[in-house]
Amino acid sequence: MALAEAVKTRENSYTVESAMDALLLKLDEALDDVEYGRVLDEADLWAEIDTI
């Protein structure tokens, strides 16, 4: 899964609209994960961070 995706224009820059679309898509996915319980509890989260 990509962290973010934006569409480049001909000038090799990103448009504000494509950046906002990518941001809102990731936010929507995160909210879905919370709603369906696909999140780590705090203890599991810290254990995963400690392994890094």
Sequence neighbours excluded and cut-off under 3.5 Å, please list the side-chain donor-acceptor pairs for residues 45-52, or say none.
unit_1	atom_1	unit_2	atom_2	d
T51	OG1	E48	O	2.6

> L23, V16: one ILVMFWY side-chain cluster at the under-4.5 Å cut-off?
Replying inline: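 In one cluster: yes.
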> Say you draw a straight line from CG of L27 to CE of M20; how long is it, rounded to the nearest 0.5 Å?
Replying inline: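 Answer for the CG-CE pair, L27 versus M20, is 9.5 Å.
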>> With salt bridge (Lys or Arg N to Asp or Glu O under 4.0 Å) as the rule and sequence neighbours excluded, what pairs involving residues 36-45 come up?
In response: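 Every salt bridge (Lys or Arg N to Asp or Glu O under 4.0 Å) pair that includes a residue of residues 36-45, provided the two are not neighbours, is D33-R38.
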